[in-house]
Amino acid sequence: MNNENHRARLYYLFGASSPQRSSWLERLPAGLFGISVGLFGLNGAWRRAGVYGWAFAAQVSELMAWPVTVIWIASLVLYGLKCRFYPQAVMVEYRHPVQGSLLALIPLSLLLAVIQFGHPDQDIWLVLAMMALGLILVISARVVSMLATAQMPLNAVSPALYLPIVGGALIGAMTLATLGYPGWGAMLFGTGISGWALLEARVLSSLFQGPMPDPLRPTIGVELAPPAIATLAAASLWPALPGDVLVIGLGMAVAPFVGVAARYPWWSSVPFSIGFWSFSFPLAVFASVTIEVIHRGRWPLWIGIIALLLASAAIAFLAVRTIALLAQGKLLPQ
């Protein structure tokens, strides 16, 4: 009887009056970590500007660090509770052709936290980085297996596939460079570039065939990410790389921006959801790359200021829309 009462209290706590009714915790998507990933990226851009002596940038970065960390830790706790009480729902996500890729946002957020707070002389950060890379390897293996054995449905091919294979390797490379292992980071960089090359044709072919299914359209923002992240990873691995080389990466990022903008009528026609946070990290990384180019290539400072403010405004817009969804009780999928 005590066990039944305890179970009933748990259902009540997580929003389900009975085992048959889906609770909000069970419906908590891994895509929620896209918020933390985007905020970590934006904070990193402001911190980079502060390191290079931009007025007020360091203060903005310090001001952002605490709320960003709180949001990330809260997301970890909530998803940990989901793993504890609804392991079957987590496995459904893992096996899903799209949600399985979005699971990579969890270890990606951990890698970004290591970049944000890690120190080469503290082994705990290396342990956390290895844990995150291990999770990314498991998720990537599942995605590659589905692609290689023709188990991936054609209507499930979307930019979300980049997250574990390309994003995991390139952000992992930056993490290892931060922790003092640039050689291993360079190997991961090569892995990310090769994964990007292999996936690009498949993803673009799918996008060129017409609009994605409505639930997948918010993930279009991930299409902006690979060239910007690859350029920032190169800047992190090779600090002496001149700005003129990094400009090539900015140029490579133009075509995806044009392609995503051309599809605006398609992805703007679906209701707002947390999936639109897919735009946040690419925009923040693009701002970081622009700051690096200004520092190394002596570009005018105002270009970097515009890039950073535009990224900040876009992410602030996403935050306001997300808070509105939360207030309306519509943040989580039904």
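Hydrogens, waters and symmetry mates are skipped; everything else that's a heavy atom, side chains included, is used. Counting begins at 1 with the first residue of the sequence. None of the values given here were measured: they were computed from a predicted structure.
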Quick one, Y79 with L25, criterion side-chain contact (heavy atoms from CB on, under 4.5 Å). Give me CA distance, side-chain angles, the key distance, then yes/no. CA-CA 8 Å; Y79 204 84; L25 185 65; over 6 Å; no

Is there side-chain contact between [X] and [Y], with heavy atoms separated by less than 4.5 Å?
| X | Y | value |
| --- | --- | --- |
| L42 | V68 | no |
| W24 | L78 | yes |
| I229 | F281 | yes |
| S206 | L154 | no |
| H96 | L102 | no |
| F279 | I220 | yes |
| F33 | L103 | no |
| T231 | M252 | no |

Report yes or no: does [X] contribute a side-chain atom to a donor-acceptor pair with the main-chain N or O of [Y] at less than 3.5 Å?
| X | Y | answer |
| --- | --- | --- |
| R202 | L198 | no |
| R296 | D244 | no |
| R321 | A316 | no |
| K82 | P87 | no |

Measure the spacing between [atom1] of [X] and [atom2] of [Y] and express it to the nearest 0.5 Å.
| X | Y | atom1 | atom2 | answer |
| --- | --- | --- | --- | --- |
| L246 | I291 | CG | CD1 | 12.5 Å |
| Q151 | M146 | CD | CE | 6.0 Å |
| S109 | I71 | OG | CD1 | 12.5 Å |
| I323 | L318 | CD1 | CG | 11.0 Å |
| L32 | L105 | CG | CG | 9.5 Å |
| L224 | Y162 | CG | OH | 10.5 Å |

Shared ILVMFWY cluster between [X] and [Y], side chains joined below 4.5 angstrom?
| X | Y | result |
| --- | --- | --- |
| I274 | I73 | yes |
| L63 | V51 | no |
| I35 | V320 | no |
| W266 | V258 | no |
| W184 | W238 | yes |

Any side-chain donor near an acceptor of the partner, W125 and T178, under 3.5 Å: no

To check you understand the geometry: which heavy-atom pair defines the closest contact between [X] and [Y], and what is its length?
| X | Y | value |
| --- | --- | --- |
| I315 | G38 | CD1-O, 3.9 Å |
| A156 | L216 | CA-CD1, 4.0 Å |
| P29 | E93 | CA-OE2, 3.6 Å |
| I139 | P107 | CD1-CG, 4.4 Å |
| L170 | P226 | CD1-O, 4.1 Å |
| A30 | I106 | CB-CD1, 4.2 Å |

Pair W267-T219, side-chain hydrogen bond (donor to acceptor under 3.5 Å, both in side chains): steps then yes or no: CA-CA 9 Å; W267 53 262; T219 66; over 6 Å; no

Any chance you could lay out the side-chain hydrogen bond (donor to acceptor under 3.5 Å, both in side chains) test for R217 and S158, step after step, and finish with the verdict? CA-CA 9 Å; R217 293 186 189 183; S158 76; over 6 Å; no

In terms of heavy-atom contacts, does [atom1] of [X] have more than 12 from other residues, nucleotides or ligands at under 6.0 Å?
| X | atom1 | value |
| --- | --- | --- |
| Q328 | CD | yes |
| D121 | CG | yes |
| Y94 | OH | yes |
| M130 | CE | yes |

Using side-chain contact (heavy atoms from CB on, under 4.5 Å), reason through L147 and L199 one step at a time and then give a plain yes or no. CA-CA 10 Å; L147 287 169; L199 284 175; 3.6 Å; yes

Just checking F257 against F286, ring centres under 6.0 Å apart? yes

Begin from the C-alpha positions of F40 and V37 and carry the test side-chain contact (heavy atoms from CB on, under 4.5 Å) through to its verdict. CA-CA 5 Å; F40 272 131; V37 168; 5.9 Å; no

Tell me which one of S288, S61, S312 satisfies side chain to side chain donor-acceptor pair (under 3.5 Å) with W46. S312

Mind running side-chain contact (heavy atoms from CB on, under 4.5 Å) on Y86 and S23 for me, showing each step along the way? CA-CA 10 Å; Y86 301 101; S23 77; 3.0 Å; yes

Test Y181 against T175 for side-chain hydrogen bond (donor to acceptor under 3.5 Å, both in side chains), laying out the working first. CA-CA 9 Å; Y181 297 92; T175 305; over 6 Å; no

Salt bridge flag under 4.0 Å for residues E292 and R48: yes

